[in-house]
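Input: a single structure, listed below in structure tokens.
We use all heavy atoms of the structure for the numbers below, so side chains are in, but hydrogens, waters and symmetry mates are not.
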Amino acid sequence: RLPPHECLVPVLHHYHSDQPRLRDHIADPAWAAASADRTLFLVMPLYARGSLRSFIAERRRATPEPPFGLGWVWFGNVLLRMLRAVNHLISHDLVHGDIKDDQWFLEDAGQIFLGDFGTAWKLTDADDVQLRLQSRDELVDRRAGVGHYKAPEVRGRTLANGHPLLRDVYAKAEGFCVGIVMYEILGVLADGD
């Protein structure tokens, strides 16, 4: 039900299906036991240029020094599109939950789009009332980023100060993810750091 946006990959179709065999491909037994048989499938357009991760890796092989044969204006436009996509989600009370370099897709014109909304969740309850942070431990249970993409705000390292709106906390957390992606594509973080 999210209104379309020029910086988001459109979801053409979605459906749920029982896929009990997916557990067979999860290496960690704890995760496999916790996974559900019911799986969400999202049908999105194909982006021939692939993900931002694969595009930058290709550019680094061709031209190892930043800006990797790309103009600095291109990086500014990428950052602007990333922030506009995150702002659109947050303004509609949604968290993407998994922003990283392989969730951004490129079209032939070089524009990027945020996709893969399988971990997205609402910042409001069933009555559209804004959710508030009740405890520090609650942040650990909610998903927004993985690994080094996870902001300090959602690692449980900050105190719930006056029960802030989750929207405010996750707007910062999603922005943090965008910052990490920019560091990666500019070559500041080495692969795997």
**OP:** State the CG-OH distance between Asp93 and Tyr170, to the nearest 0.5 angstrom.
**Re:** 14.0 Å
Original post:
So which heavy atom on Gly115 is nearest to which on Phe105, and how close?
Top reply: CA-CE1, 3.9 Å
Original post:
Side chains of Trp121 and Val95: does their closest heavy-atom pair fall under 4.5 Å?
Top reply: yes
Original post:
Just wondering, are more than 12 heavy atoms of other shown residues or ligands nearer than 6.0 Å to CD in Glu65?
Top reply: no
Original post:
How are the rings of Trp74 and Phe55 set relative to one another: parallel (under 30°), tilted (30 to 60°) or perpendicular (over 60°)?
Top reply: tilted
Subject >> Arg84 vs Glu6, side-chain contact (heavy atoms from CB on, under 4.5 Å): CA-CA, chis, key distance, verdict >> reply: CA-CA 9 Å; Arg84 291 183 68 216; Glu6 62 190 20; 2.3 Å; yes
Subject >> Min side-chain heavy-atom separation Leu114-Glu174 under 4.5 Å >> reply: no
Subject >> Partners meeting salt bridge (Lys or Arg N to Asp or Glu O under 4.0 Å) with Arg81 (sequence neighbours left out) >> reply: none
Subject >> Min side-chain heavy-atom separation Thr124-Arg167 under 4.5 Å >> reply: no
Original post:
Which pair of non-hydrogen atoms, one from Pro3 and one from His92, has the smallest distance, and what is that distance?
Top reply: CG-NE2, 3.4 Å
Original post:
If we only count heavy atoms from C-beta on, is the Lys122 to Leu94 side-chain gap below 4.5 Å?
Top reply: yes
**OP:** Check Thr63 against Phe68 and note the closest heavy-atom contact, atom names and distance.
**Re:** O-CD2, 3.2 Å
Original post:
Taking it one step at a time, do Val181 and Tyr149 satisfy side-chain contact (heavy atoms from CB on, under 4.5 Å)?
Top reply: CA-CA 8 Å; Val181 170; Tyr149 295 98; 3.8 Å; yes
Original post:
Quick one: are Phe117 and Leu89 in side-chain contact, heavy atoms under 4.5 Å?
Top reply: yes
**OP:** Quick one: closest heavy-atom pair of Pro10 and Pro45, and the distance?
**Re:** O-CD, 3.2 Å
**OP:** May I have the step-by-step check of side-chain contact (heavy atoms from CB on, under 4.5 Å) for Met182 and Val78, ending in yes or no?
**Re:** CA-CA 9 Å; Met182 286 304 295; Val78 165; 4.2 Å; yes
Original post:
When clusters are formed by joining ILVMFWY residues with side-chain heavy atoms under 4.5 Å apart, either directly or through shared neighbours, do Trp72 and Ile112 land in the same one?
Top reply: yes
Original post:
CD1/Ile185 to CE/Met82 distance, rounded to the nearest 0.5 angstrom?
Top reply: 4.5 Å
Subject >> Thr119 OG1 to Ile99 CD1 distance, which is reported to the nearest 0.5 Å >> reply: 9.0 Å
Original post:
Would you call Ile90 and Leu123 a side-chain contact if the rule is heavy atoms closer than 4.5 Å?
Top reply: yes
Subject >> Salt bridge present between Lys100 and Glu184 (N-O < 4.0 angstrom) >> reply: no
Subject >> Rounded distance [0.5 Å steps], CH2 in Trp104 versus OG in Ser51 >> reply: 12.5 Å
Original post:
NE2/His5 to OG/Ser91 distance, rounded to the nearest 0.5 angstrom?
Top reply: 7.5 Å
**OP:** Report yes or no: do Ile180 and Leu80 belong to one cluster of Ile/Leu/Val/Met/Phe/Trp/Tyr joined by side chain heavy-atom distances under 4.5 Å?
**Re:** no
Original post:
Is Asp101 close to Ile56 at the side-chain level, that is, under 4.5 Å between some pair of heavy atoms?
Top reply: no
Subject >> Heavy-atom closest pair, residues Leu2 and His88 >> reply: CD1-NE2, 3.9 Å
